[in-house]
Protein chains: 2
Amino acid sequence: MPQRSATNKVMLEVVKTACSNCNLRELCMPLGLDHREMEKLDEMVSARHRIRRGEHLYRAGQRFDAIYAIRSGFFKTDVLIEDGRDQVTGFQMTGELLGLDGISTETHSCNAVALEDSEVCVIPFSHLEGLSREIRTLQHHFHKVMSREIVRDHGVMMLLGTMRAEERLAAFLLNLSQRFTARGYSPAEFYLRMTRDEIGSYLGLKLETVSRAFSRFQEEGLIAVQQKYVRILDTAGLKKLMSHQRG
Amino acid sequence: MPQRSATNKVMLEVVKTACSNCNLRELCMPLGLDHREMEKLDEMVSARHRIRRGEHLYRAGQRFDAIYAIRSGFFKTDVLIEDGRDQVTGFQMTGELLGLDGISTETHSCNAVALEDSEVCVIPFSHLEGLSREIRTLQHHFHKVMSREIVRDHGVMMLLGTMRAEERLAAFLLNLSQRFTARGYSPAEFYLRMTRDEIGSYLGLKLETVSRAFSRFQEEGLIAVQQKYVRILDTAGLKKLMSHQRG
DNA sequence: GAGCCGGTTTGATCCACGTCAAACCCGCTG
DNA sequence: CAGCGGGTTTGACGTGGATCAAACCGGCTC
């Protein structure tokens, strides 16, 4: 049985977490490690955390010393500026990493909040750096993950800089669909874990605009929405909408 | 005298580039290396490239195998999507790294174009990975640089998602000022290397809007502009403008 | 020095999205 | 089952920035 102790308001389990038989392996960690390397990887993960819906995994300003791999659940990250404005910078799901932004200053630069009850693996960053000096493939994998994050952000910048409301929402839905698919869920129907307001914040729109876009998509038969439940009826239609609006 | 050979349309110099006595060291590479480590660093940089104004350092779709440190000059990076829309994702200056986005897929995901005659150090990525398995401080430095890029991108997302035109331009000017300062140039006056259109693309605005915002700032005595030459007259005013517009 | 050309400025008009406000929906609690 | 509250939808209206268009500016070539 795992030991338990309360840290902040969060339950910490000191378990022997085993990457070696985690079925998210191919999402979060590199393939093709030999037996010894796999054992080391298991040691790298120091613990698992359960985070309840609405709780923070970390907050902007806190000292950074670990990154987190999402075992299950759903998160958002957001940044806040003095004058009260804030923006959701991303939504993260199973198999994705959280906390990469903290490396640069050794301080988290955004908040990470669970949008549903979730579980993460805690990967102390010094362990990760140590191990990636030993295991090439791990090193390379990690670099790719960071780079992918940069590319992803460029995509969002593109979205925010050049697309109109409906294109943004279409892009957002298609992106979710694709990520759910990669995790073995239906590409065509899913529950949104976030509110209209959070979607709007992420997409640089007001919640009313998001809501109207949803309604419009429904009218046009592209999707069926019922609150947080979304069914995509016409993927091609959504794609078309994205590319050749205006121009 | 360095050997010369023409590669693409770009001059390549096979010189013994020496990080060890490069005065950008503190900007692009880690401090506190001992003599032997410094020598290895020198070997890591395989060559220097000269890029003339308007030329591409690399293009989206090309195979990635090196990152580039800007020795001198000024670049922009931009992404292009099918339907013809494009967006500038960043402006890079002396001491900054280019090409990090290519690691994830081993293919460059954006274009890098020199906005003035420039010179870069070519750092083959496999060398960098190899060396950072040996030198902890180099490894850690590199991770910080990648992470900083992510944080920077979040800042841009914030800008694009929540700020209005004049706030965006103010943020842009203050950011440039700060980066020039860090490089020993005047914080208050500089030449813009990019056009109004490129600024607009970066800030998610049309060039007319950028131009109007410049004019407005000038009317209000915040800056003096003459084409690409900008003098900041009231830094505090620009900052104030950013924070407490609309509220 | 005339003429051209890319980039910029400025003005007039338009429209997508924001703002404000009311109603609605659904799950909870007493 | 009434009442409440967070989230959502929908409508009416206002506005910041896009669009369209014309003029301007400085550097270039012939």
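Here is the naming used below: chain letters follow the sequence lines, and residue numbers restart at 1 for every chain.
C:dT9 atom P lies 17 Å from atom NZ of B:K206, rounded to whole Å. For the pair A:E198 CD and D:dG6 C1', the interatomic distance rounds to 12 Å; values are reported in whole Å. In this structure, B:E219 atom CD and C:dG11 atom P are separated by 9 Å, rounded to whole Å. The interatomic distance linking B:R216 (CZ) with C:dG11 (P) rounds to 13 Å, in whole Å. Across the protein-nucleic acid pair, A:L115 atom CG and D:dG7 atom P stand 12 Å apart, rounded to whole Å. Atom pair A:L160:CG and C:dC17:P shows a separation of 13 Å (rounding to whole Å applied). Distance, A:F214 CZ to D:dT10 P: 13 Å, rounded to whole Å. As a whole-Å value, the separation of B:L169 CG from D:dG17 C1' is 14 Å.
Residue contacts for B:G200: at a heavy-atom cut-off of 4.0 Å it reaches no nucleic acid atom on any strand shown.
Judged by closest nucleotide on DNA chain C, B:E208 is the one of A:T209 and B:E208 placed further toward the 5' end. The residue among A:Q226 and A:R168 whose nearest nucleotide of DNA chain C lies closer to the 5′ end is A:R168.
By the salt bridge (charged side-chain N to carboxylate O under 4.0 Å, His left out) test, A:D197 is found to be paired with no residue, residues two or more places apart in sequence or in another chain being considered.
For D:dG11, the base has a donor-acceptor partner in the side chain of A:R212 [N/O atoms by modelled type, under 3.5 angstrom].
Closest to the side chain of A:R164, from the set C:dT9, D:dT9, C:dC17, is C:dC17.
When the shell of 6.0 Å around OH of B:Y191 is examined, it contains 12 or fewer heavy atoms from other residues, nucleotides or ligands. At most 12 non-hydrogen atoms from other residues, nucleotides or ligands lie less than 6.0 angstrom from OH of B:Y185. Around the CZ atom of A:R53, the shell of radius 6.0 Å holds no more than 12 heavy atoms that belong to other residues, nucleotides or ligands.
Within the model, atoms CE of A:M158 and NE2 of A:H154 stand 12.0 Å from one another, a figure rounded to the nearest 0.5 Å.
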Would you tabulate the side-chain donor-acceptor contacts of residues 172-180 of chain B under 3.5 Å, counting partners in other chains and residues two or more places apart, or write 'none'?
| from | atom 1 | to | atom 2 | distance (Å) |
| --- | --- | --- | --- | --- |
| B:N175 | OD1 | B:R179 | NH1 | 2.9 |
| B:S177 | OG | B:P187 | O | 2.7 |
| B:R179 | NE | B:E96 | OE2 | 3.3 |
| B:R179 | NH2 | B:F91 | O | 2.5 |
| B:R179 | NH2 | B:E96 | OE1 | 3.0 |

Next on the checklist: How would you summarise protein contacts on nucleotides 3-8 of chain C per nucleotide, using B for base, S for sugar-phosphate only and - for none, with heavy-atom distances below 4.0 Å?
Outcome noted: -----S

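No side-chain heavy atom of A:F217 sits less than 4.5 Å from a side-chain heavy atom of A:V225.
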